Undergrad: 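Structure incoming, see below.
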Amino acid sequence: MAIFALVDCNNFYASCERLFQPHLRGRPVVILSNNDGCVIARSDEAKSLGILMGTPAFKIRQLIKAHDIAVCSSNYALYGDISERVMRVLGESAPNQEIYSIDECFLDLDRLSVPNLTQWCRNLRHQTMQWTGIPVSIGIGPTKTLAKLANRLAKKSVRESGVLNFMDDPIRIDTALRETSIGDVWGIGRRWTQKLEERGIHTAHDFANAPDAWVRQCMGVVGLRTVHELRGIACHALADQPAPKQTTCYTRTFGTAIYDKMQIQDAVTCFTEQAAAKLRKTGQVAGAVQLFIQTDPFARNVPKKSVSGLTTLDRPTSNTRAIATAVTQIFDRIWQDGYGWRKAGVHLFDLSAPDQIAPSLLDVIETPNDSLMKAVDHINTRYGRGAARMGFASKNAAWQMQQAHVSPRFTTKWAEIPAVRMM
DNA sequence: TCTGGGGTCCTAGGACCC
DNA sequence: TCTGGGGTCCTAGGACCC
């Protein structure tokens, strides 16, 4: 039988902010999305004040004041770097690791021969805390879905001290399934929760005991897999080799609505640069590019609009100039005056590794700008994003996102490394 | 006044082929 | 009057995840 562990960082973004800002410890902390829009992470203290994920920041302004809640803009340079450290510690401890998201990974403990799995996980938890400063919880089960469930309960329960092991414990699994709402099961989102509730399925236990044929008919193979996983039959293997990406994108909401074509053209060029740089980082090329611009979907009493255009690139590339040329052509084609545009994005499709591309006759004539792109990437890595670029955007361009409460890049930027003064 | 960003997988239906 | 069956590929849309 397979043995999966799910390791999940507790309140990851809040924990990262607290690492270098001890005054945030013990205080309620919330982290806001880009543009300081909504709450995307909370400390335990903030959770117990009833602040929900996704709440728009303006709706909790009173609460913030009343409880002296610390507010942070999101700082992905920091979170990404801390995540790499945590993942390295965890990855080195187990035979196989699947990094599932910025703050969680699955470990394959099948081939790990230790006398006491629970104790081994407690030690791992302790070591991670000691080496990175980030608290984690660990759930262990025969399937990924059950490991996820164990992890949820490990977090909630003080008695389990951060580790909950389902292996060889059918009674515990049964109790856990009965106590878990259907909507808290991994793979069951809002829509399906509603549908299942309407049909009298309220808990993970109800779902696990639903007839296969019925689940297959209502929810397809995806739902059926979840049912099997809840019963302890593994349907999802550990993906220790990250699959190459099929699409990538760079999309942003502007700091304010923009009417001026030149300004949006500038933003779009910047977004294209970022998207192309992402592609080069994974060593891929794109076969097609799509650009969209849209107005504020929440604004009242103003016309709403969303336009987009897609184009196939002459040949797959990761070259900023080639992609930007295509994007500019799309932009001119779809642009419409008179709207206050609020958001734009560049999507790249049909990604592949360059060696999969059949050589074209054009290759003989065209000179790829590979060395130029390498130089640009190098400068931006060394001197910070935007040091070398094609557009002319100023840091204060109106479309730039608002980040009023962003913390320093403590671990990735020389100028922002915390200083310790000896008294 | 103020509402994020980046992904994956599956399915149904149409076009097309033999 | 009579009008198959099986397959692939592509796309749009819906669901989910963090």
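None of the values given here were measured: they were computed from a predicted structure. First the proteins, then the strands, lettered A, B, ... as listed; each starts at 1.
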Undergrad: Is A/K148 touching bases, backbone alone, or none of the nucleic acid, heavy atoms closer than 4.0 Å?
TA: sugar-phosphate

Undergrad: Is it true that A/Y76 and A/Y13 have ring centroids separated by less than 6.0 Å?
TA: yes

Undergrad: Are A/T248 and B/dG7 close enough that a side-chain N or O sits under 4.0 Å from OP1 or OP2?
TA: yes

Undergrad: So A/N34, base contact, sugar-phosphate only, or nothing? Heavy-atom distance under 4.0 Å.
TA: sugar-phosphate

Undergrad: May I ask you to say what A/D36 touches in the nucleic acid, namely base, sugar-phosphate or nothing, with a heavy-atom cut-off under 4.0 Å?
TA: nothing

Undergrad: Measure the spacing between CZ of A/F58 and CG of A/D36 and express it to the nearest 0.5 Å.
TA: 13.5 Å

Undergrad: Can you tell me how far P of B/dG6 sits from OH of A/Y100, to the nearest Å?
TA: 18 Å

Undergrad: Using a strict cut-off of less than 4.0 Å between a Lys/Arg side-chain nitrogen and an Asp/Glu carboxylate oxygen, indicate whether A/K156 and A/D184 qualify as a salt bridge.
TA: no

Undergrad: Measuring to OP1 and OP2 of B/dG5, would you say a side-chain N or O of A/K343 lies under 4.0 angstrom away?
TA: yes

Undergrad: Any donor-acceptor pair under 3.5 Å joining the side chain of A/R61 to the base of B/dT1?
TA: yes

Undergrad: Does the separation of the ring centres of A/Y259 and A/W335 fall below 6.0 angstrom?
TA: no

Undergrad: B/dC2 and C/dC18: how far apart are their C1' atoms, nearest whole angstrom?
TA: 25 Å

Undergrad: Whole-Å distance between C/dC17 P and A/R191 CZ?
TA: 13 Å

Undergrad: Would you please say whether a donor-acceptor pair under 3.5 Å links the side chains of A/S407 and A/N75?
TA: yes

Undergrad: For the pair made of CD1 in A/I60 and C1' in B/dT1, what is the distance, rounded to whole Å?
TA: 16 Å

Undergrad: Whole angstroms only, please: what is the OH-C1' distance between A/Y79 and B/dG5?
TA: 14 Å

Undergrad: Starting from the 5' end of DNA chain B, give me the residue, A/V221 or A/K245, whose nearest nucleotide shows up first.
TA: A/K245

Undergrad: Rounded to whole Å, please give me the gap between CG in A/D184 and P in C/dC16.
TA: 14 Å

Undergrad: So does A/K59 get a side-chain nitrogen or oxygen closer than 4.0 Å to the phosphate oxygens (OP1/OP2) of B/dT1?
TA: no

Undergrad: Could you work out which one of B/dC10, B/dG4, C/dC18 sits closest to the side chain of A/V222?
TA: B/dC10

Undergrad: Hey, could you give me the SG/NE2 distance between A/C235 and A/H228, rounded to the nearest 0.5 Å?
TA: 6.5 Å

Undergrad: Select from A/T251 and A/F58 the residue whose nearest nucleotide in DNA chain B is closer to the 5' end of that strand.
TA: A/F58

Undergrad: Rounded to whole angstroms, how far apart are CD on A/Q246 and C1' on C/dC10?
TA: 14 Å

Undergrad: Given atom CZ of A/R190 and atom P of C/dA15, what is their separation to the nearest angstrom?
TA: 10 Å

Undergrad: What's the closest nucleotide to the A/W192 side chain, out of C/dA15, C/dC18, B/dG4?
TA: C/dA15

Undergrad: Where are the stems of DNA chain C, defined as at least 3 consecutive Watson-Crick or wobble G-U pairs with both distances under 3.5 Å?
TA: B:5-18 with C:5-18

Undergrad: Please report, rounded to the nearest Å, how far the P atom of B/dG5 is from the NE2 atom of A/H347.
TA: 11 Å

Undergrad: Please classify the nucleic acid contact of A/I102 as base, sugar-phosphate, or nothing, using heavy-atom distances under 4.0 Å.
TA: nothing

Undergrad: Under 4.0 Å, heavy atoms only, any strand: does A/Q402 hit a base, just the sugar-phosphate, or nothing?
TA: nothing

Undergrad: Give a yes or no on whether a salt bridge exists between A/R27 and A/E17, defined as a side-chain N under 4.0 angstrom from a carboxylate O.
TA: no

Undergrad: So how far is it from A/N151 CG to A/F106 CZ, rounded to the nearest 0.5 Å?
TA: 9.0 Å

Undergrad: If you only use heavy atoms from C-beta on, which nucleotide in B/dG6, C/dC18, B/dT3 is closest to the side chain of A/R252?
TA: B/dG6

Undergrad: Measuring to OP1 and OP2 of B/dC10, would you say a side-chain N or O of A/R225 lies under 4.0 angstrom away?
TA: yes

Undergrad: Side chain of A/K195 only, please: which of B/dG4, C/dA15, C/dC18 is the nearest?
TA: C/dA15

Undergrad: Establish, with yes or no, whether the OP1 or OP2 oxygen of B/dG6 is under 4.0 angstrom from a side-chain nitrogen or oxygen of A/T247.
TA: no

Undergrad: Tell me yes or no: between the side chains of A/S137 and A/N10, is some donor less than 3.5 Å from an acceptor?
TA: yes

